[in-house]
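These numbers come from a predicted model, not from an experiment.
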Amino acid sequence: MKIALLLVSLFLPISALADLVLIAHIHAPVDRISRDEAINIYMGRLRRFPSGESVQPVDGPAKAQFYRLLVNKELADINAYWARLVFSGRTSPPRSFEQNQAVLDYVSANPDAIGYVERTELNAKVKVILDMEH
Amino acid sequence: MHRCLRPNVNHSENYREALGNALVIALVLSALISQAAAADDSLPGLKLHAFGTGALNYVASGNADFVRDLSQPDGARGGQWTGKIDSLVGGQVNIQLSEHFEIVGQAVSRHRFDDSFTPELTWAFLKYSPLTNLDIRGGRIGTDFYMRSDSRLVGYSNLTIRPSVDYYGGLPHQYIDGMDGAMTFELGEGLLRSKVFAGISPEKFPLENSEPWNISGSRVFGGSLDYQWRSWQFRFGYAEIHHERDLPGSFAQLMTVLSTVPGTASQAALNALRVGETASQHYSMGVIYDEGPLQVQLMVSGVTSDSAFFQDAVCGYFLTGYRIGEFTPFAGLSWSKSTPDTLQSTRVPALDAAIVNTIGRTETNQHTFTLGVRWDFHPGMDLKLQWDAIQGDTNSLYNYRWEQADWDGRMQVLNMAFDFAF
């Protein structure tokens, strides 16, 4: 399996295989969450940490790769999914930022926020709560 | 007999103008929404959204009017083009008042019961979220009888151009004025979402050679259980409608005649047919598998009614699609089958025939093959091509309008559509 992924990676741009991590505020009430819990939060099914506190997910510039890793879906599928939830008044999609730095700034300033950035961009005000494995 | 039950609508040719206006509104709205979205940061609690569909349908064969659902008074028949079956535009505003309160309003312009595109308020509610897993909404809310029925109008969120007519076509109810509450629980490795709703319908539905059937005041309530586990979603639902009043037009005339004919059989028929102060029950279940490029949907519902006028029916559909790059080809099979009640003879042949014909108006016995492709050519936009082939019998009337004398229950429809959602 790893060999297959390696072969595939040879034909993809480097940016498409960035080492993404899901991050939370350094004082967030959890240290790790599971992939299923991340799916529930990002897909608007149940927006709370496993410990029960409310959580606000945000999207970043690596949105396409993140959702491919999280739910194996293309952005067009994600957009269609959110259209259904938004126009039935159920919930809103994550707030979106165009720069990784903006994601870091937002998560650093909000203990209830989570976001995703490349591992190389981490700072001391956030912690990794899930490795987005390829 | 079916002809005397036709909708009493003014068949103006102005619908093209109305459709054109709707599409112009859609484009203007899109531009405004884009600008508003760009300025969103200045008003973080305010969000504007829009969605719409511009569609063109060609009914290749079939001598009855093909309609999207029973909220439409007419559509197009064999050899005719139309854009009014699926074209619509909607705008929505979300105002986040605080962490726990949100206001949502949505208006939609679509081909509706009075043959116009007059915008309707489809959603207008205050949402209160006292807990992270509890939402309570009060105001005007979309009907959630069947899985995904509260987002039927949002073409961009669906694989096909329109939700299955066999499955959703007999469900013209779009919204109620009332309340709903939804609570989500962790159960096993998945999530269980339970929902209840109750309210009063404010809607009208087109009828045959009469004013629309005003169902306002009819009480509606129900609930559903959704279980989401990884790529699977299961749902069981129940909804009940307590009809406030009888239908007008030929139905009312028949009831008047029955009330004047002496005899227990005619009185029994009168009581059996009466719709006012009776209830209809909708049972439904659905399964969705959505993993990577593959999505599969299977839904089945049963409808029963206290009134003999509405035939009990079983409907369902199976739909699957597989994404290949920007394209998602899809294929589906849907069906609807009803069972008529047989009433005791009134011993007046003409009256018996009228009763049979009236009950026959709600008969359905057909299945539909659907093939198509969705092209996601731009974020928030898609183009779709779709072919529907309906195979039914001559008595399959419920999901159509304006059946001709030679209606044979078979129809082919070619469709193309542009959807957007921002």
Bottom line for B:Asp144: the part with an atom under 4.5 Å from chain A's heavy atoms is neither
Heavy-atom pair with the smallest gap, counting every atom of B:Thr132 and A:Gly52:
OG1-O, 3.9 Å
Can you name the nearest heavy-atom pair linking B:Gly380 to A:Asn79, along with the distance?
N-ND2, 4.1 Å
Just give me the residue among A:Val55, A:Asn40, A:Ile39, A:Val71 that pairs up with chain B most often, heavy atom to heavy atom, under 4.5 Å.
A:Asn40
With the side chain counted from C-beta on, respond yes when B:Glu99 and A:Gln56 share a heavy-atom pair under 4.5 Å apart, and no when they do not.
no
Which atoms of B:Arg374 approach chain A - backbone, side chain, both or neither, heavy atom under 4.5 Å
side chain
Do the charged groups of B:Asp290 and A:Lys73 touch, with an N to O distance under 4.0 Å?
yes
When only pairs under 4.5 Å are counted, which of B:His378, B:Gln228, B:Glu326 shares the most heavy-atom pairs with chain A?
B:Gln228
Under 4.5 Å, counting heavy-atom pairs only, tell me which of B:Gly292, B:Ala421, B:Pro293 racks up the most with chain A.
B:Gly292
Interatomic spacing from CZ in A:Arg90 to OG in B:Ser151 - rounded to 0.5 Å
10.0 Å
Would you say A:Phe87 and B:Leu153 make side-chain contact, with heavy atoms under 4.5 Å?
no
Heavy-atom distances under 4.5 Å only: say whether A:Ser92 touches chain B with side chain, backbone, both or neither.
side chain
A:Glu53 atom CD, neighbour heavy-atom count above 12 within 6.0 Å:
yes
Around atom CZ of B:Phe327, are there more than 12 heavy atoms from other residues, nucleotides or ligands closer than 6.0 Å?
yes
Let's test your reading of the structure: which of B:Glu189, B:Glu102, B:Gln295, B:Gln106 forms the most heavy-atom pairs below 4.5 Å with chain A?
B:Gln106
Where is the tightest heavy-atom contact between A:Ala83 and B:Tyr156, given as atom of each residue plus distance?
CB-CD2, 3.8 Å
Just wondering, more than 12 heavy atoms not from B:Glu291 lying within 6.0 Å of its CD?
yes
Using modelled atom types and a 3.5 Å cut-off, is there a donor and acceptor pairing between side-chain atoms of B:Gln92 and backbone atoms of A:Val86?
yes
Any side-chain heavy-atom pair of B:Asn158 and A:Arg84 under 4.5 Å
yes
Quick one: CD on A:Glu37 to CD on B:Glu186, what's the gap to the nearest 0.5 Å?
7.0 Å
Is there a side-chain contact between B:Arg230 and A:Asp36, using heavy atoms and a 4.5 Å cut-off?
yes
Which atoms of A:Arg45 approach chain B - backbone, side chain, both or neither, heavy atom under 4.5 Å:
both
Is B:Leu294 close to chain A through its backbone or its side chain, or both, or neither, when contacts mean heavy atoms under 4.5 Å?
backbone
Would you give the length of the straight line joining atom OG of A:Ser54 to atom NE2 of B:His100, rounded to the nearest 0.5 angstrom?
8.5 Å
Which residue out of A:Asp77, A:Thr91, A:Leu75 racks up the most heavy-atom pairs below 4.5 Å with chain B?
A:Asp77
When only pairs under 4.5 Å are counted, which of B:Val104, B:Thr328, B:Leu191, B:Val154 shares the most heavy-atom pairs with chain A?
B:Leu191
Please confirm whether the backbone N or O of A:Gly89 pairs with a side-chain atom of B:Arg137, one donor and one acceptor, at under 3.5 Å?
yes
List the steps and the verdict of side-chain contact (heavy atoms from CB on, under 4.5 Å) for B:Asn133 and A:Arg48.
CA-CA 8 Å; B:Asn133 64 337; A:Arg48 66 181 187 189; 3.6 Å; yes
